[in-house]
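This one's a predicted model, so the numbers in the text were calculated from it and none came from an experiment.
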Amino acid sequence: MTAALKVGIAGLGTVGAALIAQVARQREALAARCGRAIEIVAVCARAKGKDRGVDLKKMKWFADPVALARAGDIDVFVELIGGAGDPAKGAIEAALASGKSVVTANKALLAKHGVKLAALAEKHHVALNFEAAVGGAIPIVKTLREGLAGNSFERIYGILNGTCNCILTQMEQDKMPFAECLKEAQRLGYAEADPSFDIEGHDTAQKLAILASLAFGTKADQSAIYVEGISSITPADLLAAEELGYRVKLLGVAVKTDKGIEQRVHPTMVRKDSAIAQVMGVTNAVTVDAAGINPLTLIGPGAGGAATASAVLSDIGDIARGVRTSPFGRPSALLKNVRKAPMQRHEGGYYIRLLARDKPGTAATIATRLAEQEISLESIVQRHPAHVDTDAKAGSVPVILITYATTEDAVRKALAAVGRDRVISGTPQVIRIEKN
Ligand code: HSE
């Protein structure tokens, strides 16, 4: 049998500990499937004495991840430190430059420096694998890079942040406001240390940048993504969506348009009977529209020690078997620059919730302003203020509009005109509808 694959792990949080436990549990199956044993021979973390619930006695201890990355007695460097800069970046560069394959779960680093790291891996003929960076245990990276390598992609969209999906689920099911549901998600330990990273959509954007690169050959670039978070969503929106046959999800969407690849993250109305609308709680899902097979949806646990370790271990298994592909599915020199989508040109249906003055002529004024922008309405619903939990003031009624496909520019112009007409109070709520 071929010699064992020797692995060094930098970062011993919940994922690192789960990985060590899974390698021990799966020892024989892994050796059989990969044709060689997988041995964790070295680890690196900040606190040496801490009890992590796993046996580290036989592993060499490193205090410096770069020293571990360069160590002569490892074949694979597993980076579980996180963060877009050093020490994770420096350690990965050191490993690749010294001819070691790298496995990482670091979405932030890949969304910023992925192209350069891929080029370095190619130069040294080693692997840079990152299944765990997107969607936890869902094998979406391999699905796009290998399983669907012969397909032409039209659109990829997904629920890529468990914290946001958990918050939206609780807001819908328990009719609780956003702030309370966020507190609950933090209490359960789902949210990132800085929850704004989750709720403002940046975590989703980093993951989307990676998926878009794999599907469309763009350079992974978080700054090219339009991002809007979920903090403005209210239980009233979720109730109205439900009544109109939709659910609201924070989606990352990458879509081929005649103007290029549009990448965006925002709260999105999806049809209640679609696969993605069924995904509740912290679960993640990705739907792939590719010619001839659309839609194909993968659903599963998107975060947590065991789910992430599962993805890391499958990447290590590929290296043990000698499987190596270009990190983003094609040589990094072929990856294309991508521009940020000008959202005013975005085309699609819209949900609009207005607090309208309860006076004769208000509906006619709103309809006129929409007609001026050639916006056609699919439905218009006026609710008694008590029907939904809104911030309605006395004399105001919630009016909910669903438009047919139009442009964002037209919607913004129509709403600005309605605002000038003084027939509404507060800021209109606007949610894009994704056809699915
Ligand atoms: N904060 C992330 C989430 C963790 O909620 O999905 C996984 O990337």
Side-chain angles (χ1 to χ4, degrees), residues 14 107-108 134-138 157-208 211 222 225-253 264-272 274-287 297 299-305 307-308 351 353 388-391 398 400 427 429-434 436:
T14 45
K107 59 207 165 188
V134 186
I138 302 174
Y157 59 97
I159 296 170
L160 302 173
N161 183 272
T163 302
C164 287
N165 207 46
C166 183
I167 291 171
L168 291 170
T169 300
Q170 192 176 23
M171 284 175 72
E172 181 187 326
Q173 291 178 344
D174 300 337
K175 313 219 168 358
M176 274 164 58
F178 170 80
E180 272 178 55
C181 297
L182 170 60
K183 271 193 208 141
E184 181 67 2
Q186 285 177 295
R187 193 185 65 75
L188 293 169
Y190 298 140
E192 299 279 331
D194 173 3
S196 67
F197 188 71
D198 292 300
I199 60 178
E200 298 307 337
H202 304 301
D203 177 75
T204 301
Q206 290 177 344
K207 294 166 179 168
L208 182 68
L211 295 186
Q222 188 189 348
I225 301 180
Y226 171 83
V227 184
E228 197 181 297
I230 61 165
S231 53
S232 72
I233 303 294
T234 68
D237 295 317
L238 303 182
L239 181 60
E242 156 86 30
E243 290 181 356
L244 292 161
Y246 292 94
R247 248 191 200 126
V248 180
K249 298 290 181 190
L250 182 77
L251 290 191
V253 184
R264 49 193 162 83
V265 172
H266 50 75
T268 310
M269 306 268 277
V270 289
R271 289 218 64 87
K272 214 163 55 180
S274 62
I276 209 135
Q278 315 312 314
V279 177
M280 307 301 265
V282 287
T283 305
N284 282 198
V286 184
T287 295
T297 301
I299 301 174
T308 312
Y351 157 100
R353 181 170 57 81
V388 287
D389 174 24
T390 67
D391 45 351
I400 291 135
T427 310
Q429 173 68 292
V430 177
I431 304 177
R432 299 172 191 91
I433 299 173
E434 193 70 25
N436 59 344

Please report the interatomic distance OG1(Thr204) to CG(Leu250), rounded to the nearest 0.5 Å.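 Here the rounded value is 4.5 Å.
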
Inter-residue atom distance Cys164.SG - Met171.CE, 0.5 Å rounding: 11.0 Å

Can you sort out the partners of [X] under salt bridge (charged side-chain N to carboxylate O under 4.0 Å, His left out), two or more places apart, ordered by chain and number?
X	result
Arg432	Glu228, Glu408
Glu180	none
Asp203	Lys107, Lys207
Glu172	Arg247

Are any non-hydrogen side-chain atoms of [X] and [Y] less than 4.5 angstrom apart?
X	Y	result
Leu251	Val270	yes
Tyr157	Asn436	yes
Phe178	Ile199	yes
Gln278	Lys272	no
Val282	Asn165	no

Where is the tightest heavy-atom contact between [X] and [Y], given as atom of each residue plus distance?
X	Y	result
Cys181	Met176	SG-CB, 3.6 Å
Pro267	Val248	CB-CG1, 4.2 Å
Asn284	Ile138	O-CD1, 3.5 Å

Who pairs with Glu434 by side-chain hydrogen bond (donor to acceptor under 3.5 Å, both in side chains), at least two apart in sequence or on another chain? Arg155, Arg264

Suppose we screen for side-chain hydrogen bond (donor to acceptor under 3.5 Å, both in side chains). Which residues come up paired with Thr297, at least two apart in sequence or across chains?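 With sequence neighbours excluded, Thr297 shows a side-chain hydrogen bond (donor to acceptor under 3.5 Å, both in side chains) to Thr287, given in chain and number order.
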
Would you please test Val227 and Glu200 for side chain to side chain contact (heavy atoms under 4.5 Å, CB included) and show each step? CA-CA 8 Å; Val227 184; Glu200 298 307 337; 5.8 Å; no

Indicate yes or no for a side-chain donor-acceptor contact from [X] to the backbone of [Y] under 3.5 Å, with no hydrogens or angles considered.
X	Y	result
Thr283	Val279	no
Thr169	Gly281	yes
Gln429	Ser232	yes

